[in-house]
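Because only heavy atoms are used, hydrogens play no part in the values below, and waters and symmetry mates are left out as well, while side chains stay in. Because the structure is predicted, anything quoted here is derived from the model rather than measured.
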Amino acid sequence: MAWSPEQVQAEVDAFRADPARWQTDYSKLLIIVTGNLDEMYEDLAERVEDCDTDADVFHAMSQRLSVIDVKKALGSRFRPEQVARLGNQHVIYPSLSRSAYQRLIARTCAQYVDEVAVRSGLRIDVAQPVLDEIYANGVFPAQGTRPVFSTVHGVLGGSLVRAALWAIERGAPPGAVLPLTLGDDRKHLCVRWGDAEQRLPVVFELEGLRERASLDFRTLLAVHEAGHGLVYAVLMGTAPQEVRINVASFNGGYASYAPQKAWSRRMLRDVICVSLAGRAAEALVFGPDAATTGAEADRKQATANAIAYVRHHGFGSRVSRTDVTTQQDEDINTDVQPTNAEAEALMCAEAERATALLRTHGDAFRALVQELLTTGTVPAAEFAKVTGIAVTAAAPHAPSGPEPWHARWSAFAGDGA
């Protein structure tokens, strides 16, 4: 600021006259554009409260995303010419898997242990059940890593320091190893030195929410969800992605299934049967009068599928598309009344089939209910072991229905030849 105007002008002129001082070679410049495209993850990104669905389920769903999904998501934010300027080289990060979260938790906890060791000279050995409880309470698959870091800090940030100070006061020498375990009540961490033990209170809120249900209600959930899961496995030939009753994000349970790329006539009947299997299981175990209103959403979905089966897909007695309309120029069959009885008959038949399947596979059904009561969840990888039913987990990258379409084409083509 002490320069005179003349000196400033001279410096500017000298800078402008020397291209080597201001020209930049951009020929080797790599531009990376990063951002969150929630639109391409459909409902995954909005499930911020979901702490129950296994991270591997989210991981498998996000792995199916491609450059097409990126283009569609960008198209909701930018004009076509702007999307074109971003090119086709897109790196899509899938949701983290269960093993990735487990490694992240182990590494983060090890960093806390190392920091305490440097300052106190004591090494604290964090037991695996503590890591498992951090996972159960810290992982929200739709939210990534930040909730995990927060939970690790909340559990270990102060506890390790208090444990080290407690052991030093009792004469623990530098280099001593202190085991840190999870208390039987799962509300305390326990550190030991010699014959002494110190209990350190921690808050695992989600675990408390998962255990809020009474034994009777958990039994109801186990029977209902086992009905869905078992019938799905028998009819589709693949295990459900997950069957769970110890849910924190809402007061209930669920059975989740892999998406399908196409639905055959048989598959639509099967999915109606699966929807009605929860109520069928309740009636079979508890009796018709003790069946609950928890099947309302299932029956609504089954009704929608049965109506579509008869009126929209042409799988019933109607060839024409049938629907209601207020538009004079809409070319549809508006004679909907007869299709109501046909849809009702379809649902009654599938409800009876669901009950028959549960009776036929009674041992597998009982084993599945018992496992849900014991552990609260049955992932796809464990389903065959628990039930004894020879099913496989659905392929995450290329989900497809159980129909052997290509084999049938090959047989048809061979017959034609």
Criterion side-chain contact (heavy atoms from CB on, under 4.5 Å) on Y257 and V271, from CA distance to verdict: CA-CA 11 Å; Y257 319 115; V271 79; over 6 Å; no
Pair S275-Q301, side-chain hydrogen bond (donor to acceptor under 3.5 Å, both in side chains): steps then yes or no: CA-CA 7 Å; S275 295; Q301 183 61 56; over 6 Å; no
Chi angles and distances behind the side-chain contact (heavy atoms from CB on, under 4.5 Å) call for K71, N88: CA-CA 9 Å; K71 297 282 189 181; N88 289 338; 2.8 Å; yes
Trace of the side-chain contact (heavy atoms from CB on, under 4.5 Å) decision for L96 with T145: CA-CA 9 Å; L96 295 179; T145 60; 3.7 Å; yes
side-chain contact (heavy atoms from CB on, under 4.5 Å) evaluation trace for L276 with D298: CA-CA 6 Å; L276 298 174; D298 299 330; 5.9 Å; no
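Between P141 and S95 the shortest heavy-atom distance is O-OG, 3.5 Å. The two residues I124 and L160 have their closest heavy-atom pair at CD1-O, 3.5 Å. Residues C109 and L156 approach most closely at SG-CD1, 3.4 Å, considering heavy atoms. The shortest non-hydrogen separation linking L221 to G253 is CD2-N, 3.9 Å. T339 and T322 make their closest contact through CG2-CG2, 4.3 Å (heavy atoms, listed as atom of the first residue, atom of the second, distance). When all heavy atoms of F365 and A226 are compared, the closest pair comes out as CE1-CB, 3.8 Å.
Of the charged side-chain nitrogens involved, at least one lies within less than 4.0 Å of a carboxylate oxygen, so that R353 and D270 count as a salt-bridged pair.
More than 12 heavy atoms of other residues, nucleotides or ligands shown are found within 6.0 angstrom of CG on D335. Residue Q89 places its CD atom among 12 or fewer non-hydrogen atoms of other residues, nucleotides or ligands, all under 6.0 Å distant. R359 CZ: 12 or fewer foreign heavy atoms inside a 6.0 Å radius. No more than 12 heavy atoms of other residues, nucleotides or ligands sit less than 6.0 Å from atom CZ of R299. The number of heavy atoms from other shown groups lying within 6.0 Å of NE2 (H153) does not exceed 12. For L29, the CG atom is densely surrounded, since the number of other residues' heavy atoms within 6.0 Å is greater than 12.
I92 has its side chain within reach of V70: a pair of non-hydrogen atoms, C-beta onward, lies under 4.5 Å apart. You'll find the side chain of V155 reaches within 4.5 Å of the side chain of L189, heavy atoms only. For the pair C273 and L235, the minimum side-chain heavy-atom distance is below 4.5 Å. For the pair F383/L368, a side-chain contact is recorded, criterion being any heavy-atom separation below 4.5 Å from C-beta on. Between V234 and V231, every side-chain heavy-atom pair lies at or beyond the 4.5 Å cut-off. Looking at D185 and R199, their side chains come closer than 4.5 Å, going by heavy atoms from C-beta outward. Between L74 and L37, some side-chain heavy-atom pair lies under the 4.5 Å cut-off. Taking the side chain as every heavy atom from C-beta outward, L180 and V113 never approach each other to under 4.5 Å.
Within the 3.5 Å criterion, the main-chain N or O of R186 finds no donor-acceptor partner in the side chain of E133. A donor-acceptor contact shorter than 3.5 Å is absent between the side chain of R311 and the backbone of A306. Remark: the backbone N or O of L372 is not paired with any side-chain donor or acceptor of T375 at under 3.5 angstrom. Checked by atom type and distance alone, the side chain of N305 never pairs as donor or acceptor with a backbone atom of A302 at under 3.5 Å. Formation of a donor-acceptor pair under 3.5 Å by the S150 side chain with backbone atoms of R146 is not found in this model. In this structure, the side chain of E342 engages the main chain of S317 through a donor-acceptor pair within 3.5 Å. A donor-acceptor pair is defined here as one N or O able to donate and one able to accept, closer than 3.5 Å; no such pair exists between the side chain of E382 and the backbone of P379. Counting only distance, with no hydrogens or angles, the side chain of S76 and the backbone of A73 share a donor-acceptor pair below 3.5 Å.
With I134 as reference, V130 is the one residue of N137, V130, D132 to meet the side chain to side chain contact (heavy atoms under 4.5 Å, CB included) rule. No option in H90, R64, M40, E39 other than M40 meets the side chain to side chain contact (heavy atoms under 4.5 Å, CB included) test with D69.
A side-chain donor-acceptor contact under 3.5 Å links Y254 and E242.
How far CD of E350 is from CG of L346: 5.5 Å, rounded to the nearest 0.5 Å. Q143 CD to F58 CZ: the interatomic distance, rounded to the nearest 0.5 Å, is 10.0 Å. Put simply, CG on L65 and NZ on K72 are 10.5 Å apart, with the number rounded to the nearest 0.5 Å. The distance from atom CG of L220 to atom CD of E225, rounded to the nearest 0.5 Å, is 9.0 Å. To the nearest 0.5 angstrom, Q260 atom CD is 4.0 Å from M267 atom CE. Atom CH2 in W166 sits 12.0 Å away from atom CD1 in I168 (nearest 0.5 Å).
Using bins of under 30°, 30° to 60° and over 60° for the plane-to-plane angle, the ring pair Y101/Y135 lands in the perpendicular bin. Taking the six-membered ring where the residue is Trp, H228 and H224 present perpendicular rings, their angle passing 60° and hence far from 30°.
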